[in-house]
> 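Following this message is one structure expressed as structure tokens.
Here is how names work: the chains are called A, B, and so on, in the same order as the sequence lines, proteins then strands, and each is numbered from 1. Source: prediction; values computed, not measured.
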Amino acid sequence: MEKFKTVISTVVPLPISDVDTDQIIPARFLKATTRDGFGDNLFRDWRYNVDGTPKSDFVLNQDTYSGEILVAGKNFGSGSSREHAAWAIYDYGFKVVVSSFFADIFKNNSLNNGLLPVQVSEEFLQSIFDKVETDPSVKLKVELEPQTISIEGTGESEHFEIGEYKKTCLLNGYDDIDYILNNKDKILEYEKNSIQF
Amino acid sequence: MGKTLFEKVWDKHVVSSIDDSTDILYIDKHFIHEVTSPQAFAGLEKRGIGVLRPEKTVATPDHNVPTINQHLPIGEALSAKQVAKLTENCQKHGINLYGLQHPFHGIVHIIGPELGITQPGMTIVCGDSHTSTHGAFGTIAFGIGTSEVEEVLATQCLLQSKPKTMKIQIDGELAKGVLSKDIILYIISQISSSGGTGYFVEYCGSAIRSLSMEARMTICNMSIEMGARGGMIAPDETTFEYVKGKEFAPKGESFDKAVAYWKTLYSDEDAVFDKELYFDAAEIEPMVTYGTNPGMGIKITGKIPELETIVANNQKSFLKSLDYMGFKPGEALKGKPINWVFIGSCTNARIEDLRMVADFIKGKKKADSINALVIPGSKQVEKQAKEEGLDKILEEAGFKLREPGCSACLGMNEDKVPRGEYCISTSNRNFEGRQGPGARTILASPLMAAAAAIEGKITDIRELV
């Protein structure tokens, strides 16, 4: 996993709530046996017409918006546990997803892939949407060490939550497997002392 | 202070605590399938490590398999490749695989319980969000991503932050024609598709106690549809009776010993939940969904909400959803014509579901406009249905019993609902395009689906039984 560094970027706004993982990456694109290339089909059915031409009204097809930060409505990433959703977003070029609420499995999957989910208040989320609508060149700054997200040039800023352990992993590019394997003696000890089904 | 059922099972599986909220949790059983596992095995390879406890993982291909002619080579190239990859990975690492045509093959969440692999008090994970199904046995069971599949293969453990606990109590008696599917669709319609996020749910109350194991599985299965990581039900005599005699269940003295332990798995009187919700079973009617997430459900006698009743920052999503479905605010769904019926999925493809459908349609005929797919949850369900003659009843009514798999629940294989058409489905998700690009899904119980198939339109089952 790559180390997470501070992100200062313009944003791609998606002011829709309950965006489920079937929208992020539809099931028919889950047939690959590798992790690569899912970004091409990110938001496939919102992004392309049936004949494969881009839908001009979808945000990823508008030159006005680009950047490494996706900002979406409440309850982002609900539904299926497919990690392909996190892979698709990361593969497309996003480093951060901002929402006022994330589905649990999506949040875990993102953290396990170096994609940072930043949960902000409803008010702060609305403020981002409003500012970006008025001026698409507005940038957000996301810093993991102090856990802050700010709207550049406005003084508006918010603290976000992340567990200490996951924060260390992201900052250093560690993953869970490395950590647990370093505790293998404890696993063997557990197996010796517990009911084995 | 007493413990909740969840806390009892969780605490028994903590290998080590990392901080106040994160533990290394031991996993008793791990199910894998062809879609979310190949990258996990590739990850192990890259690290140069193997599977720590291959005997604790069970594999079956279900998401991306055809539901006809399973005895023939898979026609679709990418599907064939995924299934071959699963076989190769299982052989290489010594993992038990129930492939196509194996008598134990089926949807992971159907075969685990029916084979007795799923037992009370376990921790169970799978790279599939409907792993919550197994919670019906008083297990901590939840869906994980592929990195976590790799983690379990490598370490038989998972690093997890402990969720909050929620009690959902449903008391009273269900009316005729109202099934456990209606209970869970009703709860989700009340608390929304994100109302359970951050929580692990325990379902209890007299309405839950009176349900069969299969009906309980339907409820726990859809816990994820309210955002909850999982849902569980304390094991009782119904549970023990179900597990007894199953292929991999403990036998004889071991079974008695296991039951003695399972009997300790309940929430103590003075246990404290982070949240408690209470519902009256008598309030529940047959349910149907009108939108594009499972929280958008109404009673069959109800109407789609008016726009003014939706909170301001949700109105855009609400209208987008109705536009996709071709419905209007304030409309009723009863009487709307539909032309697809899907009876299947890990939510409702067990033998009781098929029996209920067959019992209702016996001597009737499906409407001419209807395409009806009936996909058994497993090879064992298929076999039993045939032994009981349910396939004949289905055929006479114009339905066809196919072979097991996830099928049109997620539209990964060839079983898809065409663009713009309506499908009343016993599955778990009505997301945009879930059953095929442009498909419009209405979630309901197996009886409601059967009634719609006969009438050719959305019908209140209570008027027909």
> If I take atom CZ from residue A/R82 and atom OG1 from residue B/T146, how far apart are they, to the nearest 0.5 angstrom?
11.0 Å

> Measuring heavy-atom distances to chain B, does A/F29 have an atom under 4.5 Å in its side chain, in its backbone, in both, or in neither?
neither

> Side chain from CB out, backbone as N, CA, C, O: work out which of these in B/I144 comes under 4.5 Å of a heavy atom of chain A, or both, or neither.
backbone

> Could you have a look at A/N113, A/D45, A/D18 and say which one has the most heavy-atom pairs with chain B under 4.5 angstrom?
A/D18

> Taking B/S193, B/G227, B/G433 one by one, which has the highest count of heavy-atom pairs under 4.5 Å against chain A?
B/S193

> Is any side-chain heavy atom of A/I105 closer than 4.5 Å to one of B/S129?
yes

> When heavy-atom pairs shorter than 4.5 Å are enumerated against chain B, which of A/G73, A/G79, A/A32 gives the highest number?
A/G79

> Quick one: are B/P437 and A/R28 in side-chain contact, heavy atoms under 4.5 Å?
yes

> Could you walk me through whether A/F101 and B/S194 pass side-chain contact (heavy atoms from CB on, under 4.5 Å), step by step?
CA-CA 9 Å; A/F101 202 75; B/S194 61; 3.8 Å; yes

> State the CD1-CZ distance between A/I24 and B/F431, to the nearest 0.5 angstrom.
10.0 Å

> With a cut-off of 6.0 Å (strictly less than), are more than 12 heavy atoms of other residues, nucleotides or ligands near CZ of B/F248?
yes

> Distance-only, no hydrogens or angles: does the B/Q82 side chain make a donor-acceptor pair with backbone N or O of A/L30 under 3.5 Å?
yes

> By a 4.5 Å heavy-atom criterion (distance strictly below it), what part of A/L125 contacts chain B: side chain, backbone, both, or neither?
neither

> What is the minimum heavy-atom distance between A/F102 and B/T197, and which atoms define it?
O-CG2, 3.5 Å

> Select one option (side chain, backbone, both, neither) describing which atoms of B/R429 are under 4.5 Å from chain A's heavy atoms.
side chain

> What's the spacing between A/S17 OG and B/Q315 CD if we round to 0.5 Å?
11.0 Å

> Check this for me: B/E55, atom CD, are more than 12 non-hydrogen atoms of other residues, nucleotides or ligands nearer than 6.0 Å?
yes

> Do A/D20 and B/N293 have side chains that get closer than 4.5 Å, going by heavy atoms?
no

> Given side chain to side chain donor-acceptor pair (under 3.5 Å), test A/W87 with B/Q39 step by step and report yes or no.
CA-CA 11 Å; A/W87 297 339; B/Q39 294 89 347; over 6 Å; no

> Counting N and O atoms only, with roles assigned by atom type, does the side chain of A/K31 sit under 3.5 Å from a partner on the main chain of B/M412, one being a donor and the other an acceptor?
yes

> In terms of heavy-atom proximity below 4.5 Å to chain A, should B/V149 be classed as side chain, backbone, both, or neither?
neither

> Taking side chain as C-beta onward, heavy atoms only, is A/V50 less than 4.5 Å from B/R419?
yes

> How about B/I24 and A/K186: do any of their side-chain heavy atoms sit closer than 4.5 Å?
no

> Against chain A, work out which of B/K85, B/E76, B/E34, B/H63 has the most heavy-atom pairs shorter than 4.5 Å and name it.
B/E76

> Would you mind telling me which of B/D128, B/T22, B/D20 has the largest number of heavy-atom pairs within less than 4.5 Å of chain A?
B/D128

> Only pairs of heavy atoms separated by less than 4.5 Å count here; which of B/A154, B/A42, B/C157, B/P163 has the most with chain A?
B/C157

> Under 4.5 Å between any side-chain heavy atoms of A/N183 and B/V15, yes or no?
no

> Report the option among A/N193, A/N109, A/D22, A/D178 that has the most heavy-atom pairs separated by less than 4.5 Å from atoms of chain B.
A/D22

> Judged by atom type as modelled, is there a donor-acceptor pair below 3.5 Å linking the side chain of A/E83 to the main-chain atoms of B/S147?
yes

> For A/S80, which atoms come within 4.5 Å of any heavy atom of chain B: side chain, backbone, both, or neither?
both

> We want to know whether A/E122 and B/N313 form a side-chain donor-acceptor pair, criterion being a heavy-atom distance below 3.5 angstrom.
yes

> Is it true that a side-chain atom of A/D104 and a backbone atom of B/G198 form a donor plus acceptor pair closer than 3.5 Å?
yes

> Rounded to the nearest 0.5 Å, how far apart are NZ of A/K74 and OG of B/S317?
11.0 Å

> Heavy atoms only, distances under 4.5 angstrom: which of B/D19, B/T36, B/N64 has the most pairs with chain A? Name it, please.
B/N64

> Give, as side chain, backbone, both or neither, the part of B/L52 having an atom under 4.5 angstrom from any heavy atom of chain A.
side chain

> Taking side chain as everything from C-beta outward and backbone as N, CA, C, O, which of these in A/K184 sits under 4.5 Å from a heavy atom of chain B? Side chain, backbone, both or neither.
side chain

> Only one of A/D175, A/L181, A/I177 forms a side-chain contact (heavy atoms from CB on, under 4.5 Å) with B/E151, so which one is it?
A/I177

> Does any part of the side chain of B/Q160, heavy atoms only, come nearer than 4.5 Å to the side chain of A/N108, both counted from C-beta?
yes

> With rounding to the nearest 0.5 angstrom, report the OH to CD1 distance, A/Y165 to B/I18.
5.0 Å

> Can you tell me which portion of B/K320 sits under 4.5 Å from chain A's heavy atoms? Options are side chain, backbone, both or neither.
side chain

> Considering only heavy atoms and a distance below 4.5 Å, find which of B/E225, B/Q156, B/K316, B/E150 pairs most often with chain A.
B/E150

